[in-house]
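Residue indices begin at 1 and follow the sequence shown. First listed ligand is number 1; within each ligand, the first listed atom is number 1.
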Amino acid sequence: MTSIRTIPTEPIEGQKPGTSGLRKKTPVFQTHHYLENFIQSIWNGIGGVAGKTLVLGGDGRHFNSQAAQVVLRMAAAGGAKKVIVGKRAILSTPAASNLIRKRGADGGIILSASHNPGGPEGDFGVKYNTSNGGPAAEGVTARIFDATKEIAEFHIMESHDVGLRMTDTVTLGEMEIEIVDPVEDYAALMQELFDFDAIRTLFKSGFRMRFDAMHAVTGPYAYTILEEILGAPPGTVINSIPLPDFGGGHPDPNPTWAKTLWDEMMTETGPDFGAASDGDGDRNMIVGRQCYVSPSDSLAVLAANATLVPGYKDGLKGVARSMPTSAAVDRVAEKLGIACYETPTGWKFFGNLLDAGRATLCGEESFGTGSDHVREKDGLWAVLFWLNVLAVKKLSVAELMVAHWAEYGRNYYSRHDYEAVDTEAANGLMDHVRSQLASLPGQSFGPLTVESADEFAYDDPVDGSRSEGQGLRVGFAGGARVVLRLSGTGTEGATLRVYLERLAIDPAGFGLDPQAALADVIAAAEAIAGIKSRTGRDAPDVIT
Ligand code: G1P
Ligand code: ZN
């Protein structure tokens, strides 16, 4: 028997206005009615779920299953028509985005804190995506935020847990629940976009790959697509079993956290190609044998070679990158004669450009790359894109990069993160740089002369909205640049991100280590911002 209960409650703290979801320590989500309050706030913010069809799934982290049951009960209580849920409540973020679009759903709930560690003491999160498959836009998130401040009661169906272990269609009260294989539709989409035969032939020729799923959600996706469908040798996918605490690791695909893969790739006898993905499957890291590909370079390489791939054979409508991402893709766009948009950090800004058909590919320096096939960044998609390009070009990753730089120049790039910095100190540092912006142009720091300095603001060319305060940028003559911004996703104190870039045109200068190549830019950033004294840190916590 089922019955709907209305439970009085109180407003919740914690959502940052302007974000499409809520990310908190898992124990916070587990406190009395916290999750319920946020889900009800989403329902209230979107005008209720009566008669609607929703997609539901998560990255499998601790509390994923219990949270999914709460969402199902609350969707049923709100009168939703149907919920399409991944088996065991699993869906990667891009797979959820695909399902929302493919099924014409009204929206979806994704249970994930992305690349943040999981487990009882880790992080948990809830995101709401709209009918285009992408993160809710600012108008919607503002209404959800307002709802969290006004909530007085929530509605939930009292029932047993819904069995989600097998694909099936069941009901909860009046609501239909369709339990789907989380991989199937996504694998079909990948098969439409990429030349699977060419990739199969590549693997048959002895090409060796290592994919580190980091015990997160892409394990089953990568195993099915790479090993089962594309015939990659057994063992290609490592750490493929998703675990509630990601095996104690930090499911963030970068040189620091994907160190096992990194070490293997940096040996002379390492695999031809390495890749990793994050907790919810939307990020990717690409590494060749002894050749790391920065995410900014990866975006540029994909743009330059897109027509080699069936899904993009007719060319790109345009490309987009977040402001702190390097200008490598700008140089490709210029050659191709297509538009290149510079957006604020965060995936939601790409959605409008993709929806309006102004951009086909987009990406961020933070290991996010994607296209108009979904409305989220997509880790495995980027990996398959690379495999398709390598299969056609018949070059090693290192050879491909050298050829790319020879044609477009090399944008040396690095990001230095200072984590859990005292919030006041971090704000003080930003204010200190902000106050110098007007006087910086013309000043020299070592060999670098400032050409421009401003605080980035974005006017959305599609909906006309303006986003201000999106990072401080200092451009130097010759294409070098320093960008400073505070993270919007950190959960402890403030995280200062310092983005560093320099353009090298002469092939003689292509072989440097990025940190060495950027030494003057790093020194200029220190001189302008006083990072060491203001943060009290000698060195960044994470260098990517
Ligand atoms: C970080 C990344 C940003 C990305 C976001 C969500 O945000 O820098 O590019 O879109 O995570 O994955 P930040 O913490 O810098 O605000
Ligand atoms: Zn993610």
What N/O/S atom of [X] gets nearest to the Zn ion (ligand 2)?
X      : value
Asp282 : OD1
Asp278 : OD2
Asp280 : OD1

- Backbone N/O of Arg283 and side chain of Ser277: donor-acceptor pair under 3.5 Å: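 Checking the backbone N and O of Arg283 against the side chain of Ser277, a donor-acceptor pair under 3.5 Å is found.
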
- Arg375 side chain to Asn352 backbone, donor-acceptor under 3.5 Å: no

Where does ligand 1 get N/O contacts under 3.5 Å from the protein, atom by atom?
{"from": "ligand 1", "atom 1": "8 (O)", "to": "Arg415", "atom 2": "NH1", "distance (Å)": "3.4"}
{"from": "ligand 1", "atom 1": "9 (O)", "to": "Glu364", "atom 2": "OE1", "distance (Å)": "3.2"}
{"from": "ligand 1", "atom 1": "9 (O)", "to": "Glu364", "atom 2": "OE2", "distance (Å)": "2.8"}
{"from": "ligand 1", "atom 1": "9 (O)", "to": "Ser366", "atom 2": "OG", "distance (Å)": "2.6"}
{"from": "ligand 1", "atom 1": "10 (O)", "to": "Glu364", "atom 2": "OE1", "distance (Å)": "2.6"}
{"from": "ligand 1", "atom 1": "10 (O)", "to": "Glu364", "atom 2": "OE2", "distance (Å)": "3.4"}
{"from": "ligand 1", "atom 1": "11 (O)", "to": "Arg283", "atom 2": "NH2", "distance (Å)": "3.1"}
{"from": "ligand 1", "atom 1": "12 (O)", "to": "Arg283", "atom 2": "NH2", "distance (Å)": "3.1"}
{"from": "ligand 1", "atom 1": "12 (O)", "to": "Lys377", "atom 2": "NZ", "distance (Å)": "2.9"}
{"from": "ligand 1", "atom 1": "14 (O)", "to": "Ser487", "atom 2": "OG", "distance (Å)": "2.6"}
{"from": "ligand 1", "atom 1": "14 (O)", "to": "Thr489", "atom 2": "N", "distance (Å)": "3.4"}
{"from": "ligand 1", "atom 1": "14 (O)", "to": "Thr489", "atom 2": "OG1", "distance (Å)": "2.5"}
{"from": "ligand 1", "atom 1": "14 (O)", "to": "Arg497", "atom 2": "NH2", "distance (Å)": "2.6"}
{"from": "ligand 1", "atom 1": "15 (O)", "to": "Arg485", "atom 2": "NH1", "distance (Å)": "2.7"}
{"from": "ligand 1", "atom 1": "15 (O)", "to": "Arg497", "atom 2": "NE", "distance (Å)": "2.6"}
{"from": "ligand 1", "atom 1": "15 (O)", "to": "Arg497", "atom 2": "NH2", "distance (Å)": "3.4"}
{"from": "ligand 1", "atom 1": "16 (O)", "to": "Arg485", "atom 2": "NH2", "distance (Å)": "2.9"}
{"from": "ligand 1", "atom 1": "16 (O)", "to": "Gly488", "atom 2": "N", "distance (Å)": "2.6"}

Going by atom type alone, with no hydrogens or angles, which donor-acceptor pairs under 3.5 Å involve a side-chain atom of residues 324-332 and a protein atom two or more places apart or on another chain?
{"from": "Thr325", "atom 1": "OG1", "to": "Ser322", "atom 2": "O", "distance (Å)": "3.3"}
{"from": "Thr325", "atom 1": "OG1", "to": "Ser322", "atom 2": "OG", "distance (Å)": "2.7"}
{"from": "Thr325", "atom 1": "OG1", "to": "Glu365", "atom 2": "N", "distance (Å)": "2.8"}
{"from": "Ser326", "atom 1": "OG", "to": "Ala328", "atom 2": "N", "distance (Å)": "3.1"}
{"from": "Asp330", "atom 1": "OD1", "to": "Arg321", "atom 2": "NE", "distance (Å)": "2.6"}
{"from": "Asp330", "atom 1": "OD2", "to": "Arg321", "atom 2": "NE", "distance (Å)": "3.4"}
{"from": "Asp330", "atom 1": "OD2", "to": "Arg321", "atom 2": "NH2", "distance (Å)": "2.9"}
{"from": "Arg331", "atom 1": "NE", "to": "Tyr408", "atom 2": "O", "distance (Å)": "2.6"}
{"from": "Arg331", "atom 1": "NH2", "to": "Tyr408", "atom 2": "O", "distance (Å)": "3.3"}

- Task: Would you name the heavy atoms of Ala67 and Phe124 that are closest together and state the gap between them?
- Result: CB-CZ, 3.6 Å

- Message: Taking N, O or S atoms only and a limit of 2.8 Å, check whether Ser112 reaches the Zn ion (ligand 2).
- Response: no

- Asp378 versus Glu376: any side-chain heavy-atom pair under 4.5 Å?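 Answer no - side chains too far apart.
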
- Message: Would you call the rings of Phe63 and Phe29 parallel, tilted or perpendicular, taking 30° and 60° as the class edges?
- Response: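 Because their plane-to-plane angle lies in the 30° to 60° range, the rings of Phe63 and Phe29 count as tilted.
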
- Task: Ignoring hydrogens and angles, state whether a donor on the side chain of Thr93 or Asp282 is under 3.5 Å from an acceptor on the partner side chain.
- Result: no

